[in-house]
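Sequential numbering from 1 along the given sequence is applied to the chain's residues.
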Amino acid sequence: MSEKKKVCIVGSGNWGSAIAKIVGANAARLDSFSDEVTMYVYEEMIDGKKLTEIINTTHENVKYLPGHKLPPNVVAVPDVVDAAKDADILIFVVPHQFIRTLCSNLLGKIKSTAVGLSLIKGFDKAEGGGIDLISHIITRHLKIQMTVLMGANLAGEVAEEKFCETTIGCKDKQLGSVLRDLFQTENFRVVVVDDVDTVEVCGALKNIVACGAGFVDGLGLGDNTKAAVIRLGLMEMIKFVDVFYPGSKLSTFFESCGVADLITTCYGGRNRKISEAFVKTGKSIKELEDEMLNGQKLQGPYTADEVNYMLRNKGMEDKFPLFTAVHKICVGELKPQAFIDCIRNHPEHMDFDEETEAAMLKTKL
């Protein structure tokens, strides 16, 4: 990478714009980064004006993060290739459904030495009945080193500079230090760990559990029931990684990307909010997404569908009853009222491999 590293943010929703506040300010402040930070913005017309022109004139993303000023060195660019072509660090923060198309547009048009950081929470369906991690898709398509950032980071609170923590998954210690410098502030504390896949899987799976928490809220079942959903959801998250991503560290679940992100998403965030409305209104997830999210995409139901695709193909739906119930409720195969039966009948104990069992016992002690 060049001496002064140029940064591009690929995406500009509320989370991408909140991150732009942090990254823009740090890039301007630190000598190791180029001052200008490009931000790919999907062009839209807002009151007769282009969104990119509004951002570059007023330094505010009036659609996705209104009321918050972006640093003036963050430049909105409507063409993803123009935004990314000179970047040394690519920060991916778009809905995960669009990542393959995005990669095809960028193929052969970015620096071969570039590195990527994914803030995208979700999976994608793979051939053969499995699922792909988003960072793996990007690595495979663009042939660049990928890292991930996940944590208890509600975009609005990050934009308001309320204190929170986040987790970066990165195997390269030197690169991890660079990324920590790019993101860390007094109110945005970064911890770097090398358990990259687990960090990313936590960020995806917690949105499924948050849908379950929203169902509980919609049914008026109370905080005790929601606590049970969070606990059982965490158990299924650990089991999922145990089965499909062996070699992970149990300690990663105690970072911000794990239990902290799970808790905050089950009490705040769009997945909980939409799922509650789904129960109360009887409207479809798609209708509520259109009505309540101002053009943003809901990740939980999509992720539940992708996870169920793999569990069903592997004959393992019954091993993950909470994940399975959330999916079936989202697609209309079960009534939301049936979710309480899933909780009542959930196994008291889940089987883990010996190493995980020993780590969990040690943690309890």
Side-chain angles (χ1 to χ4, degrees), residues 15 92-93 96 115-123 131-139 145-154 158 164-180 183-184 188-210 229-266 269 299-300 303 306-307 310 319-320 322-323 350-365:
W15 184 213
F92 294 91
V93 55
H96 78 275
V115 297
L117 176 72
S118 175
L119 279 63
I120 302 170
K121 297 180 177 180
F123 300 106
I131 55 177
D132 253 343
L133 292 180
I134 301 302
S135 66
H136 291 188
I137 294 171
I138 299 171
T139 293
Q145 181 182 353
M146 283 298 299
T147 59
V148 299
L149 182 151
M150 306 282 159
N153 308 140
L154 296 177
V158 172
C164 67
E165 299 177 310
T166 200
T167 310
I168 289 178
C170 177
K171 293 184 182 297
D172 183 326
K173 288 186 178 180
Q174 184 176 358
L175 176 58
S177 295
V178 171
L179 295 174
R180 182 193 285 116
F183 283 88
Q184 183 139 280
F188 195 72
R189 184 164 65 188
V190 178
V191 175
V192 181
V193 301
D194 63 4
D195 192 9
V196 183
D197 285 354
T198 304
V199 173
E200 185 169 4
V201 171
C202 283
L205 293 180
K206 57 92 181 181
N207 283 329
I208 304 177
V209 185
V229 169
I230 293 171
R231 185 188 76 83
L232 295 171
L234 178 60
M235 294 291 283
E236 291 198 11
M237 288 168 61
I238 295 171
K239 176 68 175 177
F240 188 90
V241 172
D242 192 47
V243 172
F244 298 113
Y245 299 90
S248 63
K249 298 174 182 177
L250 186 67
S251 59
T252 305
F253 291 93
F254 294 93
E255 299 292 348
S256 183
C257 63
V259 66
D261 196 9
L262 178 62
I263 291 169
T264 198
T265 310
C266 286
Q299 298 302 312
T303 304
E306 288 148 359
V307 167
M310 183 166 75
K319 302 293 185 184
F320 298 88
L322 190 146
F323 291 170
M350 302 189 76
D351 294 324
F352 299 97
D353 68 22
E354 290 183 7
E355 186 176 343
T356 303
E357 287 279 12
M360 292 180 77
L361 179 60
K362 186 176 180 181
T363 301
K364 289 176 182 177
L365 295 175

Looking at side-chain heavy atoms only, is the closest gap between [X] and [Y] below 4.5 Å?
X      : Y      : answer
Ile134 : Met146 : no
Leu250 : Ile238 : yes
Val193 : Thr167 : yes

Rounded to the nearest 0.5 Å, how far does [atom2] of [Y] lie from [atom1] of [X]?
X      : Y      : atom1 : atom2 : answer
Lys171 : Asp195 : NZ    : CG    : 7.0 Å
Leu205 : Met237 : CG    : CE    : 5.5 Å
Lys239 : Leu232 : NZ    : CG    : 14.5 Å
Ile138 : Gln145 : CD1   : CD    : 13.0 Å
Phe123 : Leu133 : CZ    : CG    : 6.0 Å
Cys257 : Asn153 : SG    : CG    : 10.0 Å

Consider only side-chain N and O atoms of Thr303 and Asn207, and report whether a donor and an acceptor are under 3.5 Å apart.
-> no
Can you tell which of Val201, Val199, Thr198, Asp242 makes a side chain to side chain contact (heavy atoms under 4.5 Å, CB included) with Ser248?
->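 Among the candidates, only Thr198 passes.
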With respect to Leu179, which candidate in Asp172, Ile168, Val190 satisfies the side chain to side chain contact (heavy atoms under 4.5 Å, CB included) definition?
-> Ile168
Criterion side chain to side chain contact (heavy atoms under 4.5 Å, CB included) on Leu154 and Trp15, from CA distance to verdict | CA-CA 8 Å; Leu154 296 177; Trp15 184 213; over 6 Å; no
Minimum heavy-atom distance [X]-[Y], with the two atoms named:
X      : Y      : result
Ile263 : Ile230 : CG1-CG2, 4.5 Å
Ala152 : Cys164 : O-CB, 3.8 Å
Phe92  : Gly116 : CE1-CA, 4.2 Å
Gly151 : Ser256 : CA-OG, 3.5 Å
Leu149 : Leu117 : N-CD1, 3.8 Å

Got a sec: does the CZ of Arg189 have more than 12 other heavy atoms crowding it under 6.0 Å?
-> no
Verify side chain to side chain contact (heavy atoms under 4.5 Å, CB included) between Phe253 and Val241, making sure each step is shown before the conclusion.
-> CA-CA 10 Å; Phe253 291 93; Val241 172; 3.8 Å; yes
So does Asp261 pair up with Lys206, basic N to acidic O under 4.0 Å?
-> yes
Under the salt bridge (charged side-chain N to carboxylate O under 4.0 Å, His left out) test, which residues partner Glu306, sequence neighbours left out?
->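 Glu306 satisfies salt bridge (charged side-chain N to carboxylate O under 4.0 Å, His left out) with no residue once adjacent residues are dropped.
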Are the side chain of Glu236 and the backbone N or O of Phe323 linked by a donor-acceptor pair below 3.5 Å?
->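 Answer holds: yes.
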Would you say Glu200's side chain and Ser135's backbone share a donor-acceptor pair under 3.5 angstrom?
-> yes
For Phe183, ring pair (Phe, Tyr, Trp, His ring centres under 6.0 Å) partners two or more places apart =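 If we apply the ring pair (Phe, Tyr, Trp, His ring centres under 6.0 Å) test to Phe183, skipping adjacent residues, there are no hits.
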Residue pair Cys266, Val209: steps toward the side chain to side chain contact (heavy atoms under 4.5 Å, CB included) verdict | CA-CA 7 Å; Cys266 286; Val209 185; 4.0 Å; yes
Ring geometry between Phe320 and Phe240 (parallel below 30°, tilted from 30 to 60°, perpendicular above 60°) | perpendicular
